[in-house]
Each structure stands twice: as C-alpha cells, then as structure tokens.
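Each ligand, and each atom within it, is numbered from 1 in the order the structure gives. All figures in this text were calculated on a predicted structure; none of them were measured in a lab.
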Amino acid sequence: MAVFLWKNLFQTTKGRTLQQRGSSLYNGALDYDEELIKKKLQQFAGGSVNLSKEHSGIGILTLNNSRLMNAFTGTMMLELQERVTELENWKDGKGLIICGAGNTFCSGSDLNAVKAISNSQARWDEYVHVYAKYLDQAYEVLCFLYSSLLPLISIALVQGKALGGGAELTTACDFRLMTPGSEIRFVHKHMGLVPGWGGAARLVRIVGSRAALQLLSGADRVDPERALRLGLSEGTLSSSDEAVSLEEARAWLSQYTEGPASVIQAVKKVVTAGRELPLEAALRTEKDVFGTVWGGPANLEALAKRQKHK
Ligand SMILES: CCCC(=O)SCCNC(=O)CCNC(=O)[C@H](O)C(C)(C)COP(=O)(O)OP(=O)(O)OC[C@H]1O[C@@H](n2cnc3c(N)ncnc32)[C@H](O)[C@@H]1OP(=O)(O)O
C-alpha cells in the first residue's frame, strides 16, 4: 500500500512542482481543458484560504468560510493549491499550522457545490469531469502536503469540528493538536461516502487499521481524549480560545522548528522518505539528503563551536 501511494503520488509529481502539475488523475478520453475546469470550479465561489508567513519560519494557513463552517468551495480549493505552492517556494519555511477561522476547523467539502454540480443541466460527462476536478484538486494538494515535497513540519490545529474532508485534511499534517471540546469525525459513511482525499490511507498509518476501521465504519465522534489514546492527536491544548490556542500551537511547534531551515527541512525529508518509500529508496534518499547538509553552513558552524551535547 505504501508503495502504491508513493508511486501514485510520484507518477503525478516526479520532477514537477505542484504548480506545474496541471493534468488531472481523471484525464482520459473525455479530457477537458484545464482552464475550463478551473472556470467551473470558480463558479462555486466563496471563502478564502489565507497564509501568513512569520519571521520564525512558521506559516499559518487559515481556512476562512465562516458562513459554512469553513467548508471547501471550488475557489478555496484553487486558493489552497496557490498557498501550498507559495509554501513550497518558501526557502526560510520550517513549520506550518493549519487552522480554521471562527474557532472551527473545517466541515469538509461544500455540499452546496456538490448539489449544484449534480443538479446542473450540464452533460453527464461534463459533470463527471468538474466533480472529478474538485476531488482531484483536494486529493493532490493533500497528498502534496503529506509528502516530502513540502518539507515543513505541519500541525492541524483542531478547534471546533473537523468533519468529512476536514477530518481528512487533519491526516495530511504531521501532527494534530486539539482544543478542549473539539472533535474529529469521519462522517463519510453518513453521507453515503468513503474518504476520497487520501484520508483513509493516511488514517490507517496514523492509528492502525483496526482503529481506522472503527472510526470510518462507525463515523465516530473523536474527542480530544480519545484522539490522544489513539495517537491521532499529540496533545490537548489548555484553551479553546482562538488566539490563545494558536499561540499554544505555535509554542508547541517551535520546539521542533528551532534551528536553520535547511536542517529542519532535511529532517522532515528523511522522516517522510522513511514513512512513504520502500526501505531501499528511503535509505538512498536519506544518504542524498545527508549530502545536502554535510559541510553546509550549520554543520561548519557547529564544528567551529566545538559543540558539546551534555
Ligand atoms: C471527500 C469529502 C467528503 C465530505 O467532506 S462530505 C461533507 C461532510 N460534511 C458534512 O456533511 C457537514 C454537514 N454539516 C453539519 O453537520 C453541520 O452543519 C455542522 C458542521 C455540524 C455545524 O452544525 P451547527 O453548528 O449546528 O451549524 P449549522 O448546521 O447551522 O451550519 C451553519 C451553516 O453552515 C452550513 N454548512 C455546514 N457544513 C457545510 C458543508 N460541508 N457544506 C455546505 N454548507 C455547510 C449549514 O448548512 C448552515 O448553513 P445555513 O445556515 O443552513 O444556510
């Protein structure tokens, strides 16, 4: 499965940046013009995805669609891709916190968009392609977030509710921190669905297949205590206040992002390779990444200081 996910991801990403990857997983005989599909996604407008890049090397990505509990519209999907591309090109970046505005995380895909697409007078093949693009966009960006191609240590700061695709988004981060009273819930079964943004495969890696099966087949509400027990969350923050919890998440992440960006990014790359690649390829990647830091400025500085580790 790991090999499949990795191959699948890299068949579409190898040698290309997120920005350059225009083609859809669903491209086939009924190939639609990308610009046309983009225009169609733009018809499902609303909300925004905001990025602030802090001097500390931590980026804060905020989903902002308070009217719909931060559900993902078509334009938010497009914006998410743009913001992640910006993060990909951020040389000083070390960490990322993903959170929702209005003190709730994300309620998944915009059900209005899904309904509008299926009710439209569009031809069936056009419907399939627009819907596929919507799904594809989310799937690809979340796979990218989870991969070593974006070498930032990431946290999902779960306040309020993370439902459906919102729960899937939390699994695309390295860590999850939850505020008191918050919940992660894979509600897909109740919608007649299964995860489609890569959330099931990642959940299995995080909590194991038995717990994942329970969470998906029961559409269980996972509160901070259960998430901690399952290893789905790293910790419960002390406050559910929006600003205070963000500050706490920042402080938590800073423990791991202290130091030069080149070294932190290299750490993330070797761990991600170990998580996703077959052993032989992971070992080779590690050797290659080592070569990028060995004799580098941080290494030379440490040698000059005669660093002791007492
Ligand atoms: C592969 C991806 C699969 C998916 O993501 S499928 C989508 C999964 N998500 C859902 O089914 C969420 C359905 N919504 C809910 O359960 C509840 O609205 C929710 C999030 C628990 C919030 O409950 P409350 O706090 O009582 O607030 P509320 O229901 O009055 O919601 C406020 C307004 O937000 C809307 N909303 C919430 N989630 C939405 C969504 N995903 N798409 C579109 N609209 C959504 C909701 O309809 C309501 O709008 P309005 O005030 O009725 O106009």
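Ile155 places none of its side-chain heavy atoms less than 4.5 Å from the side chain of Ile98.
Atoms of ligand 1 lying under 4.0 Å from at least one heavy atom of Val187, given by number and element, are 8 (C). Near Gly164, meaning under 4.0 Å from any of its heavy atoms, are these atoms of ligand 1: 5 (O). When each atom of ligand 1 is checked for a heavy atom of Lys161 under 4.0 Å away, the hits are 21 (C). The contact set between ligand 1 and Glu168, taken as ligand atoms under 4.0 Å from a residue heavy atom, comprises 1 (C), 2 (C). Here is the list of ligand 1 atoms found below 4.0 Å of a heavy atom in His188: 3 (C). Of all atoms in ligand 1, numbered sequentially from 1 with element shown, those under 4.0 Å from a heavy atom of Ala71 are 40 (C), 41 (N), 42 (N).
The side chain to side chain donor-acceptor pair (under 3.5 Å) test with Asp220 singles out one residue from Gln214, Arg185, Arg226, and that residue is Arg226.
Counting only non-hydrogen atoms, the option in Thr73, Val194, Leu163, Leu193 that gets closest to atom 16 (O) of ligand 1 is Leu163. Ranked by closest heavy atom to atom 43 (C) of ligand 1, the top entry among Thr104, Leu169, Asp110 is Asp110. When the heavy-atom distances from atom 4 (C) of ligand 1 to Cys106, Ser109, Gly108 are ranked, the shortest goes to Ser109.
For residues 154-180, the side-chain hydrogen bond (donor to acceptor under 3.5 Å, both in side chains) pairs, not counting sequence neighbours, are Ser154-Asp174, Glu168-His188, Thr171-Arg202, Asp174-Lys268, Asp174-Arg275.
Considering backbone and side-chain atoms together, Met191 places no N or O closer than 3.5 Å to any N or O of ligand 1. Checked against a 3.5 angstrom limit, the closest N/O atoms of Gly165 and ligand 1 fall inside it.
Judged by distance alone, the side chains of Ser48 and Asn50 do bring a donor and an acceptor atom under 3.5 Å apart.
Within the structure, ligand 1 has Arg67 among the residues with a heavy atom less than 4.0 angstrom away.
Evaluation of the ring-ring contact (aromatic ring centres under 6.0 Å, His included) rule for Phe105 yields no partner, not counting sequence neighbours.
Within the 4.0 Å heavy-atom criterion, both parts of Leu68, backbone and side chain, lie near ligand 1. The parts of Ser107 lying near ligand 1 are both backbone and side chain, judged by heavy-atom distances below 4.0 Å.
Using a cutoff of 4.0 Å between basic side-chain nitrogens and carboxylate oxygens, Lys269 and Glu286 are not scored as salt-bridged. Checked for salt-bridge contact, Lys53 and Asp92 miss the test: no charged N lies under 4.0 Å from a carboxylate O. Remark: Lys94 does not engage Glu258 in a salt bridge, criterion side-chain N to carboxylate O under 4.0 Å.
With rounding to the nearest 0.5 Å, the separation of CZ in Arg83 from OG1 in Thr62 is 11.0 Å.
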